Every structure is written in structure tokens, then in C-alpha cells.
Amino acid sequence: MTWILHIDGDSFFASVEMSLNPALKGRAVVTGHERGIATAMSKEAKALGIHRGMPVYQIKKLYPQAIIVRSDYHNYSIFAHRMYNIVRRYAGKVEEYSIDECFARVEDIETAWKVKSDLQKELGMTFSLGLGPTKVIAKVASKWNKPDGFTVIEPDKLEGFLRDMQIGQIWGIGPQTAHHLQRLNIKTALDFIQRSEDWIRGNLGKRELELWHELRGTPVYHVHTSHDDLPGSIQHTRTFNPPTTDKKILFSELSKNVEGACAKARADKLLARKVYYFLKTQEFRYHRFEMALPEPLQTPNEILNLIKETLGEVHKAGVVYRATGVALNDLIPEAYEQKSLFQEGSACPPGPAGGVKNEKKREIFKTIDRLERKYGAHSIILGSSMRALTKKGERVGFHKRFNLPFMGEVV
DNA sequence: TCTGGGGTCCTAGGACCC
DNA sequence: TCTGGGGTCCTAGGACCC
């Protein structure tokens, strides 16, 4: 039989910290210092009562023995790739699902045990594994026994597992859907799969029908290797404190987000054909705007001009905003970009405006990317992003942060 | 959990066309 | 023109995940 294996790193971020620094082993380790709230914690920290989202000042006060460290996503990502590669020794198809999880197809239970043993030996941390006939059941299984678990759910043992599983615990069923299902008298996963297919079709949506099949052991979701598709979007968002009504500050925040998203696009060799941005109000409402770009872009200037032109419509005077965000959508690889056949020197009219100019601009930004790698992030930023930099919650002006030439105000 | 950042996918409704 | 039915494409916004 072919099984779906789901692998989940236990307290992944905290475990990576402990693996890299053995002095932390056995201690209550918490990551998220930079955010001011706990992001992940070791089982020792959990045992003390520390939970996700707990403020750092509170942890310090209540549990002085806890060690609170900054999250280091670079290291976590290195460990994630080691994890994927170890799994690939044993499985042809591995889906890199997230920084601490993956799916794989394996032929037998022994193989899954070998994966677990290699992972733990080589990465110096524990993993919880779940084995089942479908992805959703494999997820149920890996969650069943944590940490350091290994749970196999055979198709004919399904009911026993699903009987004790609250509907809201199922992967893909969030608070809204859970509430809706409870009102229809579906409390557990077993209640759910015992409804007829017709009933599901008549009363629920596509997502729920898929989950219904998966939970009954019929695969709907496939393990797909992660390299086969591009990301659909690149986003950069940031919440700031204090919130503001000031359009200039909001533009500056957007500017910083555009810079960040474009840097990522260049790093991934992608071009955006659409841009979307939003202002998020204190009430968590979004004022948004989406626009098609005149040509595929990965540099900030034109995008910022477009935002500048439209911000007046999006921004509502007097409304207090707490965050802004930018997404580059409709991404295409650099390689696909049509080289203009009619560039300088040609007798034919030029293609989309500024083909050559853009080429140069792109070169400039590639140089910036190299300098940033050398001198560190944010050593060079656009003038328009200056206002967004904060220090101890205050917006610092221009000169204080000015260590390298800036690229000029966006006109 | 009074709420950070980066993603994906689905759906309802409007615009436009025949 | 006061008016049916159907298709497609796009957008806003919701829901969910890690």
C-alpha cells in the first residue's frame, strides 16, 4: 500500500535553537523576542505554562528562568531544507509544505521509521510523524501523538481516531466553518464523515466535500513536489505603532513594503504584472487598491508612482490606520519576459515605453542588492521610505539613519 | 488570542458579450 | 427598445493555513 506521510518538527524554532546551542538543552526556550510575544517554545517552556502569543515582559516576570531569543528565520530555513533532503532519501515525492512540515509518499511503515530515525539523529531534535491513506488523515495522525510521536491510521481504524476529534481540529476547518457545522449538529470528525455525500453537497461547499472524501480515506489532495510551480504572489506587510492618519507616513510605509517585495522578486528572478496594496484600519478593515502594471516589473519606482497617484482615493481622511501592505501578483519568471524586438537603433517604433531605461534601472537595483548583501539589509533605502524607519517607536528623520547614499526622492 | 507576516484558494456578483 | 438566457472574465473579500 502507498501511504501518505506527514512530518512535523516538534517546537521547531525552539528546537533549532537548542540543536545549534546545546547549552539550551533541557531549558525553557522561547523564540519571538523581536516581536515581543512568544512565537515558539520548547516543551520545558510549555510545561511552565508559556503559550504562543504570551507577551515577553510577562514571561520574564513570571518565569525568570526562561531563555527568550530572537527568531532566526535564516537558520530555521536551513534546517527545513535539511529535513526535506533527508526525507528525499526515502521518498520520491516530497512536498515542502512549510518551514517545519512536509508530506511524502512512502510504500511501507518501516520506511517511515527510518525517516524519523535519520531526522532525529542528524538534526538533533524530535519529529512527529503521521501515516495514513490521505493527506488530511496523515495530518490527523501526526497531531495525534506529539512530541516525538509516530501514529499510523489504517483505513479500517479510522472511526476510532475521528470519534474523539473535534470538528474544529481538522486541517482546513477554521472557526467560521466549525461554528457553522456545530449548528448543523456536527461536533466531531466522525459526525462529519457519517453524513451522506448528497447531504454534504446540498449543505456545504467544495472545500468541505473534499475534506469529507479525504477523511473517509479517498485521496483528493496530492503530494506535489514544490519546485513545479511559481509562487502566486510576493507580499510585504507591516504593522506600525502608534497607528496614524498621516498620509505621508502611510506612503512611506508603503514605499518600504514595495522595496522589500521588489527585492524578493529580484532575488527569486520574478516579474510582477499586477500590484495590490492596502491600508488596514484600526478596526481591521482594509482599504485596498489593485492595478495592472504597464509592463512586468521588479523595481520600485514606477510602482511607487502609481501608488502615489492613487493613494488619495484609497486613504480616507481622519481614519486611523495600523498597517499597510503590498503584494506583487501575476508573477512571471524573468526568463519569460519578452525582450523588446524594437529597441534603440531599430527603425520600428519602440515597444512599451522605457524598455532600455528599465533595463538600466534593473541593473542599478541588482547592484544595490549586491551592496546590501555586503553591508547588510537596509544600508541603502529609497528616500521615500525614510519616514518609515522607527527607533524605539518614534519616527526618526532623515539624517539620523543616513549611512550611505540614498537613491533620491521618488518623483 | 483583541490580533504579526507570508501565503493559498474559493465564491458571489458585476461587467461585458452574444 | 425595457428586455431572456447564458457564458466568460474580473474583482472584492472571506476563510484558512503555518
Side-chain angles (χ1 to χ4, degrees), chain A residues 6-13 31-40 49-56 58-59 70-71 73 76-77 79-80 83 95-103 128 135-136 139-140 142-143 146 167-181 204-211 220-222 224 226 229-241 243 253 256-257 260-261 263-265 267-268 270 272-292 314 321-331 390:
Chain A
H6 179 247
I7 300 164
D8 197 342
D10 297 321
S11 312
F12 193 71
F13 297 174
T31 71
H33 191 268
E34 76 290 348
R35 267 174 66 191
I37 60 171
T39 301
I50 299 171
H51 54 82
R52 240 182 93 93
M54 195 175 210
V56 164
Q58 203 177 338
I59 299 173
R70 298 177 54 83
S71 309
Y73 287 87
Y76 308 154
S77 157
F79 269 67
M83 165 176 81
E95 179 177 336
E96 301 176 2
Y97 181 72
S98 78
I99 199 158
D100 66 340
E101 287 175 45
C102 62
F103 289 95
S128 295
K135 282 174 96 169
V136 175
K139 272 285 246 189
V140 171
S142 67
K143 204 155 132 186
K146 270 172 96 51
I167 193 74
Q169 304 291 108
I170 298 166
W171 185 42
I173 296 193
Q176 303 295 321
T177 313
H179 188 236
H180 182 221
L181 292 172
L204 303 169
K206 180 183 154 143
R207 176 75 170 162
E208 290 76 24
L209 181 62
E210 289 168 353
L211 292 172
V220 177
Y221 303 132
H222 296 110
H224 34 81
S226 318
D229 41 17
L230 321 159
S233 81
I234 294 172
Q235 323 187 4
H236 253 65
T237 63
R238 196 175 92 98
T239 302
F240 39 84
N241 212 349
E253 289 287 339
K256 219 174 97 169
N257 287 326
K264 176 85 158 57
D268 294 353
L270 296 170
R273 290 189 291 195
K274 272 191 190 165
V275 170
Y276 154 84
Y277 71 89
F278 68 79
L279 308 178
K280 187 182 188 180
T281 72
Q282 230 171 358
E283 293 76 39
F284 281 70
R285 310 227 43 101
Y286 292 85
H287 295 169
R288 37 173 125 191
F289 195 87
E290 190 175 7
M291 56 216 172
V314 181
Y321 295 99
R322 68 180 339 258
T324 75
V326 170
L328 304 178
N329 293 330
D330 252 6
L331 300 169
T390 61

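A quick note: this is a predicted structure, and the numbers were derived from the prediction, not measured. Each chain gets a letter, A, B and so on, in the order its sequence line appears, and its residues count up from 1.
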inquiry  = Applying a 4.0 Å non-hydrogen cut-off, can you work out what A:His236 is touching in the nucleic acid: base, sugar-phosphate, or nothing?
reply    = sugar-phosphate

ask   = Just checking A:Ile234: base, sugar-phosphate only, or nothing, at a heavy-atom cut-off of under 4.0 Å?
value = sugar-phosphate

ask   = When you look at A:Leu204 and A:Leu181, which way does the side-chain contact (heavy atoms from CB on, under 4.5 Å) test go after all the steps?
value = CA-CA 9 Å; A:Leu204 303 169; A:Leu181 292 172; 3.7 Å; yes

request  = Classify the nucleic acid contact of A:Ile173 as base, sugar-phosphate or nothing, counting any heavy atom under 4.0 Å across all strands shown.
outcome  = sugar-phosphate

request  = Apply the test ring-ring contact (aromatic ring centres under 6.0 Å, His included) to residues A:Tyr76 and A:Phe79: give CA-CA distance (whole Å), side-chain angles for both, the deciding distance (0.1 Å), then the verdict.
outcome  = CA-CA 5 Å; A:Tyr76 308 154; A:Phe79 269 67; 8.4 Å; no

query = Starting at the 5' end of DNA chain B and moving along, which residue's nearest nucleotide shows up first, A:Glu210 or A:Arg322?
reply = A:Arg322

ask   = So what does A:Thr177 hit on the nucleic acid, given a heavy-atom distance under 4.0 Å: a base, only sugar-phosphate, or nothing?
value = sugar-phosphate

query = Do we see a donor-acceptor contact under 3.5 Å between the side chains of A:Ser98 and A:Asp100?
reply = yes

inquiry  = What contact category does A:Gly174 fall into here, base, sugar-phosphate, or nothing, at under 4.0 angstrom with non-hydrogen atoms?
reply    = sugar-phosphate

task = Would you please name every residue forming a salt bridge (Lys or Arg N to Asp or Glu O under 4.0 Å) with A:Glu290, sequence neighbours left out?
result = none

key: Single hit among A:His33, A:Arg35, A:Glu34 for side-chain contact (heavy atoms from CB on, under 4.5 Å) with A:Ile37   = A:Arg35

ask   = Would you say the side-chain atoms of A:Ser128 and A:Asp10 include a donor-acceptor pair closer than 3.5 Å?
value = yes

message = Regarding A:Gln235, tell me which of base, sugar-phosphate or nothing describes its non-hydrogen contacts under 4.0 Å with the strands shown.
response = base

request  = Describe the nucleic acid contact of A:Lys274 in one word from base, sugar-phosphate, nothing, applying a heavy-atom distance below 4.0 Å.
outcome  = sugar-phosphate

query = What nucleic acid atoms does A:Leu211 come within less than 4.0 Å of, heavy atoms only: base, sugar-phosphate, or nothing?
reply = nothing

task = Please work out if A:Arg207 contacts a base, only the sugar-phosphate, or nothing of the nucleic acid, heavy-atom cut-off 4.0 Å.
result = nothing

request  = Give A:Tyr286 one of three labels, base, sugar-phosphate or nothing, depending on what nucleic acid heavy atoms sit under 4.0 Å from its own.
outcome  = nothing

Residue pair A:Lys143 / A:Asp8, side-chain heavy-atom distance below 4.5 Å = no

message = Need the pair for C:dC18. Rule: Watson-Crick or G-U wobble, both distances under 3.5 Å, any strand; none if unpaired.
response = B:dG5

ask   = Contact boundaries of DNA chain C with chain A (under 4.0 Å, heavy atoms), 5' to 3'?
value = C:dT11 to C:dC18

query = Between A:Thr239 and A:Gly232, which is nearer to the 5' end of DNA chain B once each is assigned its nearest nucleotide?
reply = A:Thr239

